[in-house]
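Because only heavy atoms are used, hydrogens play no part in the values below, and waters and symmetry mates are left out as well, while side chains stay in.
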Amino acid sequence: MNQNLYFKTRKFDSARQLSNYMYLMLKNLSLEPEQPVDSEYMFIISTKFKGTKIDIFMGKNDEESDIPLWQIWAEERVSLFKKMFSKPNEEIEILLRAKLELLVKSIDDVSSVEWGI
C-alpha cells in the first residue's frame, strides 16, 4: 500500500481535525478504528480491515497551494521479516484504497483527489 491519496480542501484547519473526521467516518463503516495518535508530523489511525491490521497515516502536505493539500495512505501492519519476504495482500489494498477514496470524495468542497507517490 505505497500510494498516497492526495486531495485539497479548506474543511480542516489541522491534521488533528482531519484525523478526527476520518476516525468518525471509519467508525461509521464498522472498521473499529482506534483513536487517532499524533506522531508529531502526522496522525495515525490503526484499525482492522477484513482481519488485517492496518495503519492509516494522514496529514497536511508541505507543498504550498492556494487550497490546503492533504494526504492519506495506509499500510498493512506486518513484521519486518514479512515485509522483506512477502507481498502485501493486494485484495485488502484495493478494497481499502476504494473505501478511503470514497470517504475523501464525500468531504465538502474537496477537489483534486488523486492517487500518487
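Sequence neighbours left out, the pairs with a member in residues 16-37 that pass ring pair (Phe, Tyr, Trp, His ring centres under 6.0 Å) are Phe12-Tyr21.
Cluster membership for Tyr6 and Trp70, using ILVMFWY side-chain heavy atoms within less than 4.5 angstrom, is not shared. A continuous path of ILVMFWY side-chain contacts below 4.5 Å connects Ile72 to Met25, so both sit in one hydrophobic cluster. Leu95 and Leu5 fall within a single hydrophobic cluster, where Ile, Leu, Val, Met, Phe, Trp and Tyr side chains are chained together by heavy-atom contacts under 4.5 Å. When the side chains of ILVMFWY residues are joined at heavy-atom separations under 4.5 Å, either directly or via intervening members, Leu102 and Ile94 end up in two distinct hydrophobic clusters. Connection of Leu69 to Trp115 is not established within any shared hydrophobic cluster, with ILVMFWY side chains joined at heavy-atom distances below 4.5 Å, either directly or through further cluster members.
The shortest distance between side-chain heavy atoms of Ile54 and Ile92 falls below 4.5 Å. Contact of the Ile107 side chain with the Phe7 side chain is registered, since non-hydrogen atoms from C-beta on lie closer than 4.5 Å. Using a 4.5 Å heavy-atom cutoff, the side chains of Pro68 and Arg10 are in contact. Side-chain contact between Leu26 and Leu103 is present, with at least one heavy-atom pair separated by less than 4.5 Å. Met22 places a side-chain heavy atom less than 4.5 Å from the side chain of Met58.
By the neighbour-count criterion of 12 heavy atoms within 6.0 Å, atom CG of Asp62 is sparsely surrounded, having that number or fewer from other residues, nucleotides or ligands. Annotation: Lys8, atom NZ; neighbour count of heavy atoms from other residues, nucleotides and ligands within 6.0 Å is above 12.
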Report task. Take Asn4 and Ile117 through the side chain to side chain contact (heavy atoms under 4.5 Å, CB included) test and state the conclusion after the steps. Result -> CA-CA 6 Å; Asn4 298 336; Ile117 297 175; over 6 Å; no
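For the atom pair NZ of Lys60 and CD of Gln17, the computed distance is 12.5 Å after rounding to the nearest 0.5 Å. Between the CG atom of Asn61 and the CD atom of Gln71 there is a distance of 4.5 Å, given to the nearest 0.5 Å. How far CD1 of Ile67 is from CG of Asp109: 7.0 Å, rounded to the nearest 0.5 Å.
The salt bridge (charged side-chain N to carboxylate O under 4.0 Å, His left out) check on Lys105 picks up Glu101, with sequence neighbours excluded. With sequence neighbours excluded, no residue forms a side chain to side chain donor-acceptor pair (under 3.5 Å) with Asp108. For Lys53, the side chain to side chain donor-acceptor pair (under 3.5 Å) criterion is met by no residue, not counting sequence neighbours. Remark: Glu32 engages no residue in a salt bridge (charged side-chain N to carboxylate O under 4.0 Å, His left out) (not counting sequence neighbours).
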Donor-acceptor contacts under 3.5 Å from residues 36-50 side chains, at least two apart:
residue : atom : partner : partner atom : Å
Asp38   : OD1  : Glu40   : N            : 2.8
Ser39   : OG   : Met42   : O            : 3.0
Ser46   : OG   : Asp55   : OD1          : 2.6
Ser46   : OG   : Arg77   : NH2          : 2.7
Thr47   : OG1  : Leu31   : O            : 2.3

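In terms of heavy atoms, Trp73 sits closest to Gln3 at CB-O, 3.4 Å.
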